[in-house]
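Take a look at the structure set out below.
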Amino acid sequence: MFEALQSIIPTVLFYSAPLILTALGGVFSERSGVVNIGLEGLMVMGAFVGIVFNLTFADLFGIWTPWISILVAMVIGSIFSIIHAVASVTFYANQVVSGVAINMLALGIGVYLTKVWYGKGQTDMVDRPFYTMDVPILADIPIIGPIFFEGIYITSYLALILAFVAWYVLYQTPFGLRLRAVGEHPMAADTNGIKVERMRYIAVLLSGAFGGLGGSVFALTIASNFSHATIVGQGFMALAAVIFGKWHPLGAMGAALFFGLAQSLSVVSSGIPLLADIPQVILLIAPYLLTILALAGFIGRADAPRANGVPYLKGGR
Amino acid sequence: MTSNSKHFGLLVPIISVIIGLIAGAIIMLLSGHNPIEGYAALWAGAFGDSYTIGETIRRSTPLILTGLAVAFAFKTGLFNIGAEGQVIVGWLAAVWIGLAIDAPMIIHLPVAILAGAIAGGLWGFLPGLLKAKLGVHEVIITIMMNYIALHVTNAIIRNVLTDQGTTTEPIAGTASLASEWLQSITFYSRIHYGILIALFAAFIMWFIIERTSYGYELKAVGFNRHASNYAGMNVSKNIILSMVIGGGFAGLAGAMEGLGTYGTISVMSGFTNLGFDGIAVALLGANNAFGVILAGLLFGVLKEGAGEMPTTAGVPTELVDIIIALIIFFVASSYIIRWALSRFKKEGK
Amino acid sequence: MEYAIEMLNIRKEFPGIVANDNITIQLQKGEIHALLGENGAGKSTLMNVLFGLYQPEKGEIRVNGKEVHITNPNIANDLGIGMVHQHFMLVEPFTVTQNIVLGSEPTNKLGKIDLAKARNEIQALSDRYGLQVNPDAKISEISVGMQQRVEILKTLYRGAEVLIFDEPTAVLTPQEIKELIEIMRSLIKEGKSIILITHKLKEIMEVCDRCTVIRKGKGIGTVNVSETNTTDLASLMVGREVSFKTEKIVAQPTDTVLQIKDLYVRDARKVDLVKGLDLEVRAGEIVGIAGVDGNGQSELVEAITGLSKARAGSIKVNNKEISNLSPRKITESGVGHIPQDRHKYGLVLDYTIGENIVLQTYYQKPYSKAKVLSYKEIFDKANKIIEEYDVRTPSVYTKARALSGGNQQKAIIGREVDRSPNLLIATQPTRGLDVGAIEFIHQKLIEERDKGRAILLVSFELDEIINVSDRIAVMFDGKVVANVKPEETNEQELGLLMAGSQVNKAGETSQ
Amino acid sequence: TETEEEGTDDNSGTETEGAEENTKEATEEEAASGDYKIAMVTDIGGVDDKSFNQSAWEGITAWGEENGLVEDEGYDYAQSNEKADYMPNITRFVRDEYNLVYGIGFELKEDIQTAADQYPDTNFAIVDDTVDASNAVSITFKEHQGSFLVGVAAALKTSTDKLGFVGGVDSPLIKKFESGFIAGAKSVNPDIEVDVQYAESFADAAKGKLIATNMYDSGIDVIYHASGATGNGVFNQAKDIKQNDPEREIWVIGVDRDQHEEGQINDHNVTLTSMVKRVDVAVQDVANRGMNGEFPGGELLEYGIEEDGITFATTNEEAMTEDIITTVEEWQEKLLNGEVEAPKTTEELEAYEDSL
Ligand SMILES: Nc1ncnc2c1ncn2[C@@H]1O[C@H](COP(=O)(O)OP(=O)(O)OP(=O)(O)O)[C@@H](O)[C@H]1O
Ligand SMILES: Nc1ncnc2c1ncn2[C@@H]1O[C@H](COP(=O)(O)OP(=O)(O)OP(=O)(O)O)[C@@H](O)[C@H]1O
Ligand SMILES: [Mg+2]
Ligand SMILES: [Mg+2]
């Protein structure tokens with residue numbers, strides 16, 4: 001049991017971290033009333049920027065390279081997300097459609113530039129990815145230490161911590177109250193003097209930053225390079241985590257961890273006698289099936305923010 | 001005002017496409033390519049000769065159908081992001097019937113096509129049911145269903161349709177949409193009769209939505225569920241029906257690939273993207289059957305033509321993805337275009 | 001005289017329409033100033049201009065004599081202008097406190113919202129003005145009356161000196177209206193000034209000092225309420241004579257059409273709200289249901305129309321059991337329904353008026369043959385109804401959304417009445433409408449009665465109930481507690497019955 | 001990488017001496033007339049997939065340069081981004097009058113078959129699968145042989161007697177890798193356990209990393225991956241372990257080409273060896289034969305150790321010690337002289353294991 005946990009939990013954490021980060025972005029955006037199907041594209045952008053920056057500046061920044069890479073990916077991610085904000089906030093675009101376009105655009109730009117800059121469809125592997133480490137002191141705690149603090153990526157902790165920060169911001173601060181108000185009833189927020197468009201821009205930009213962070217963390221902990229196949233569906237899983245987690249930062253975190261656990265189990269299972277007999281395909285579809293069952297069974301009535309997906313026209317009805 | 005908005009309705013997509021192409025040209029310039037060469041290559045790749053024209057039509061066929069799949073659900077206020085999975089199961093079912101049954105063409109081909117549509121419809125049924133009965137977000141369920149379709153289909157190909165192989169045998173000739181005649185006049189392109197099915201499907205959609213009481217109900221439910229319930233419509237039934245019919249169109253798109261283009265189905269390492277492209281097609285076509293046909297053809301042209309760009313002009317094919325994405329943005333943000341147009345008009349006066 | 005607010009020669013255009021055309025309104029300090037006008041006259045628009053939601057094309061706004069430019073609600077707030085909107089501006093999943101502080105939240109050093117401090121301030125305000133609220137309740141869980149108090153607290157919390165009320169009483173029960181009037185009086189006592197929009201002339205007479213009338217976007221003038229009466233006000237507003245007392249002959253009821261026995265209905269939270277109700281409506285009579293909101297009226301209507309399930313009991317229409325049938329079956333057995341919420345239930349706003357006219361009948365001949373629609377038949381029908389019911393719309397091809405509330409309501413009534421139902425249920429049919437439209441609708445209901453239909457009228461307007469009904473059933477706590485004749489009762493007595501007071505002679509005499 | 005460069009310089013050994021002479025003759029003739037043109041159509045991986053597409057293109061480029069041809073005229077490639085692109089790409093070359101069109105990867109099997117039937121005047125070649133047409137040649141590799149050899153190396157290297165195999169998609173092709181690898185390992189030590197996992201994708205690095213984490217945690221110290229980009233996750237995990245614990249002996253065996261570069265971590269390299277598939281060699285060989293008018297139409301060419309189509313990498317000199325190389329070469333000799341036969345299916349593997 002102990003050993004099973006010790007091998008599963010770190011894998012769950014590294015698998016889930018990019019999903020958690022991206023899902024947090026989704027929570028911000030959707031809580032403000034802007035549907036974000038474009039998380040996948042934001043992750044693509046993050047992965048692309050993270051890898052390219054890492055490859056280009058590894059010599060300059062040394063051991064700080066991965067950290068600066070994810071920072072830059074956050075910045076570029078949020079700049080990129082402005083497109084979504086402009087379309088869906090300023091031009092009242094259908095937000096789902098704009099998100100789909102974001103996905104196509106990010107992949108198109110990423111691969112196009114990779115080909116133009118590197119002359120091939122995928123980059124080399126980076127020399128400065130993130131590595132796991134044992135957390136000093138904490139790792140020495142008996143039982144808990146080895147399970148939670150050995151062989152862990154700091155970025156995984158970053159993801160968990162940011163989930164709590166996001167919760168605090170959304171549910172304890174004026175900013176969060178306003179952001180949620182804008183997503184529930186923008187006109188009410190407007191009459192209270194809250195700038196609806198500005199809040200939504202901020203929220204979408206945050207989703208860009210988190211998506212960029214999630215994508216670059218994925219790239220620098222798991223993939224190590226960038227190609228058209230680096231991000232294939234992780235953004236959609238993050239979106240699933242947003243909804244599964246009822247648009248709540250901690251819920252989204254829980255959902256992402258759950259996906260990680262399901263994936264991890266599907267790998268570990270071959271060593272567990274009972275699970276080993278299950279056809280491979282069942283294990284492959286388990287995470288998706290479980291999500292559907294969970295949505296249908298336990299949280300069937302997840303209420304989306306009421307104004308989610310509805311452009312706000314001043315003076316409209 | 002009404003005639004004006006009709007004009008706008010047409011102008012917006014056209015202007016969007018033009019801006020998209022201009023943006024593409026600028027990107028080519030910035031990355032050191034010659035846009036004229038690039039677009040010439042694109043043109044040649046799509047219309048260069050009878051072969052490319054045949055391939056362009058072939059490529060448009062499933063795009064029209066997935067566009068209809070998304071558009072139909074949209075009319076009922078549902079977002080069918082699951083066209084992708086529905087395509088896959090439709091493809092599988094059609095090929096399966098194509099392989100398993102021995103019958104004259106007049107029976108075999110329709111049954112195989114229908115099988116594709118039914119499979120896609122079933123794949124739309126579950127999300128529809130969950131949405132109707134439990135209020136579960138259809139976007140998320142259809143995303144999950146896409147992955148399930150992919151993995152289950154692969155497992156079936158490997159374990160049932162082949163003996164651990166990756167590609168099935170070709171389907172029986174009696175189930176094939178391919179046409180030697182069509183191929184021979186297009187230098188052996190893979191054009192097949194599916195395009196007629198796609199056009200017919202578009203007509204069916206137009207007819208159901210615009211002319212029948214079913215369409216009236218579907219749209220009413222899409223606009224206002226409470227009022228539809230008040231008016232005595234069965235809201236759940238309509239939601240499910242919409243997803244099933246939408247799924248059926250996507251399943252047909254899969255059948256086109258299975259019975260027309262390939263004649264087989266192979267283990268897939270990733271999505272076909274036909275379903276996702278369908279979203280773009282539906283949008284550009286304003287969720288209207290006729291618009292979807294035009295949009296499907298346009299995207300077919302762009303995607304087919306893209307193949308020629310790297311070879312002739314050295315431009316990566318991804319440029320076309322960028323252009324398509326930009327076109328979608330402009331259509332979705334049509335407010336800006338409408339605004340600009342009305343400004344333009346005012347000033348003209 | 002010192003003015004708190006002056007809006008001078010305001011002009012506001014919308015595409016294709018001038019909503020406000022050279023309107024002037026001057027609010028004195030410490031007065032309650034009524035703003036009166038037909039539906040679509042431009043009242044809400046004018047107030048939205050004052051509150052900074054719209055920018056006027058022309059005109060000047062002065063606050064305490066100084067010219068100001070109110071470009072957004074924040075500036076209005078800073079100038080001490082608060083608005084209670086026609087449609088409440090409350091965030092439903094939030095608590096009362098969160099709604100009140102939203103946008104000007106007190107925080108502690110950690111940047112966290114200081115809820116304790118907020119709660120105290122709200123408590124102090126509500127004590128001072130007699131506005132009772134539960135600060136921790138969610139908006140979705142409190143009554144409409146309390147929601148309105150929250151709206152008022154919102155403005156006071158922001159230090160409003162001038163309060164704008166846009167049709168505050170349209171959604172309130174008589175009891176709540178009384179409370180609101182008290183609140184307004186105490187606000188004035190504390191030195192605030194109020195602009196009140198209402199269609200209820202009686203209210204104007206009761207609380208207002210002066211009244212500005214606008215008609216079709218133009219200012220007609222301002223009168224002192226003490227120097228006028230309701231008849232004059234009405235004709236000023238409409239531009240013609242209006243009769244208030246609906247003319248009708250005595251009802252001739254015949255067979256029983258609706259018969260309800262021992263009915264129980266639950267709401268969404270699985271609580272019984274209708275508890276063993278008995279009711280009968282006969283052909284040729286209008287039965288009015290009087291009652292304070294929340295005593296089971298909505299649930300009763302939903303159960304009759306099939307929108308929700310009856311838990312127990314029987315509902316018969318023409319001796320046929322209809323309880324728990326589908327809405328379609330019930331419609332087909334001859335029940336018409338003018339719903340309370342016309343936007344939610346009555347119309348598909350994105351359909352054209354023509355399409356809305358056949359909302360229940362689209363699948364029947366002649367609108368549909370072998371499932372194929374005949375738009376010609378549909379639009380022909382719609383044209384007929386539009387004409388007959390005076391629905392003002394550019395054409396039958398216009399989207400329902402583009403019509404004014406009154407015209408939307410007329411279209412619904414036309415549709416429901418035209419189907420010639422045996423039983424017509426009208427829920428709040430005149431809510432939010434101007435007197436002209438109200439007059440028209442009342443007349444239509446009586447006409448239908450005279451044609452031998454059974455009509456069930458549910459309304460919170462006691463005026464309406466007394467004026468239109470032939471018999472009044474008073475609902476309290478899920479049951480009909482009294483049956484009274486309108487000519488033998490008055491508002492005071494009805495009010496007592498509605499509040500559940502047991503001792504009543506009127507109830508007995510009417511048996 | 002080194003092996004590949006060697007390959008391009010040294011184009012010999014693929015065929016008999018005679019063939020090589022033919023090649024030279026042909027080169028002179030054809031370069032003059034310049035009318036033998038070859039082209040390849042990639043699968044979805046793309047021409048720079050660091051794997052067989054890339055290797056094939058290197059072979060074609062080398063061939064073209066050797067024959068004094070110009071890219072885009074005498075030799076060319078077409079990139080496929082999706083399955084639907086294969087056929088148009090093939091046809092484009094046919095219409096541009098290329099003499100020989102290669103389809104790289106089993107995914108192009110059907111399309112090459114169709115094209116071969118439709119265009120009898122053009123020659124075709126399919127890599128990694130078989131087609132049936134008199135104007136098409138099937139090029140396959142004896143991956144089981146190479147896998148057998150790296151299996152031997154793995155068995156010699158492991159200190160835990162536990163090995164791992166990560167497959168991309170469960171298919172007959174990848175089974176060849178798996179069977180050969182297990183057989184090779186067990187030939188050295190029948191008690192060795194091999195844990196086999198399929199990621200069901202050639203592009204799921206996260207899954208690769210999950211599997212690798214799990215394997216390394218369970219005491220496996222050498223993993224052989226045949227899983228394309230999924231293998232990135234395997235390398236990633238191995239390097240991560242190495243980074244944290246440079247003393248720990250942990251290895252990955254690469255596939256298709258020498259994946260030495262992927263294994264570099266600080267001063268260490270976790271790539272023990274790689275099972276190298278010389279697609280370039282095969283491609284050049286067929287091109288030369290075609291140019292000489294000896295196109296092996298309808299034939300199935302299996303490139304193995306003997307044909308120089310399969311080798312193992314020895315770049316990591318520290319890891320691949322003299323002893324290991326010597327033993328592996330002994331087994332290579334046995335495979336060459338037919339003493340042992342590397343199994344290529346699960347059944348053959350079982351039979352082989354029974355014979356041990
Ligand atoms: N946002 C808008 N866009 C276009 N026209 C509008 C808009 N808001 C109001 N109007 C038009 O302006 C006119 C005045 O509307 P307003 O809402 O001010 O009327 P009102 O007097 O408040 O009516 P009611 O009594 O029904 O509340 C109407 O004709 C209406 O159609
Ligand atoms: N965007 C708009 N375009 C056209 N007319 C509008 C628009 N917004 C509001 N209106 C019109 O403004 C008028 C007044 O709107 P308001 O919000 O006061 O509703 P109303 O007519 O009073 O109905 P109700 O009280 O039932 O909500 C109506 O005539 C409405 O149709
Ligand atoms: Mg109003
Ligand atoms: Mg109104």
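To the nearest 0.5 Å, atom CG of residue D:D129 and atom OG1 of residue B:T167 are 7.5 Å apart. The OG atom of D:S201 sits 8.5 Å away from atom NE2 of B:H151, with the distance rounded to the nearest 0.5 Å.
D:D111 touches chain B through its side chain: at least one heavy atom from C-beta onward sits under 4.5 Å away, while N, CA, C and O do not. Neither the backbone nor the side chain of D:K175 comes within less than 4.5 Å of any heavy atom of chain B. Looking at B:T272, the atoms closer than 4.5 Å to chain D (heavy atoms on both sides) all sit in the backbone: N, CA, C or O. Using a 4.5 Å cut-off between heavy atoms, B:N154 makes no contact with chain D at all.
Panel note: side chain B:R158, backbone D:S171; no donor-acceptor pair is recorded below 3.5 Å.
Your options are B:E304, B:E308, B:E318, and the one with the most heavy-atom pairs under 4.5 Å with chain D is B:E308. Chain B forms the most heavy-atom pairs under 4.5 Å with one residue out of D:E107, D:K83, D:Q79, and that residue is D:K83. Put simply, of D:P172, D:A84, D:A203, D:A78, the one with the most heavy-atom pairs under 4.5 Å next to chain B is D:A84. For the set D:D170, D:V94, D:V169, the count of heavy-atom pairs under 4.5 angstrom toward chain B peaks at D:D170.
Residue-environment remark: OH (D:Y77) stays at or below the threshold of 12 foreign heavy atoms within 6.0 Å. Counted within 6.0 Å of CG on B:L196, heavy atoms from surrounding residues, nucleotides or ligands total more than 12; the atom is thus considered enclosed. A 6.0 Å sphere centred on CD of D:E71 holds more than 12 heavy atoms belonging to other residues, nucleotides or ligands. Within 6.0 Å of CD on D:E341 lie no more than 12 heavy atoms contributed by other residues, nucleotides or ligands.
Using a 4.0 Å cut-off between a side-chain N of Lys or Arg and a carboxylate O of Asp or Glu, D:D85 and B:R59 qualify as a salt bridge. For the pair B:E55 and D:R92, the salt-bridge criterion is not met [side-chain N within less than 4.0 Å of a carboxylate O].
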Please walk me through it: do D:R95 and B:Y51 pass side-chain contact (heavy atoms from CB on, under 4.5 Å)? CA-CA 10 Å; D:R95 286 178 300 142; B:Y51 175 85; 3.3 Å; yes
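With contacts defined as side-chain heavy-atom distances shorter than 4.5 Å, the pair D:Q118/B:Q183 qualifies.
The minimum heavy-atom distance between D:E110 and B:S266, with the atom names listed, is OE1-OG, 4.5 Å. Across B:R190 and D:P88, no two heavy atoms sit closer than the pair NH2-CD, 2.9 Å.
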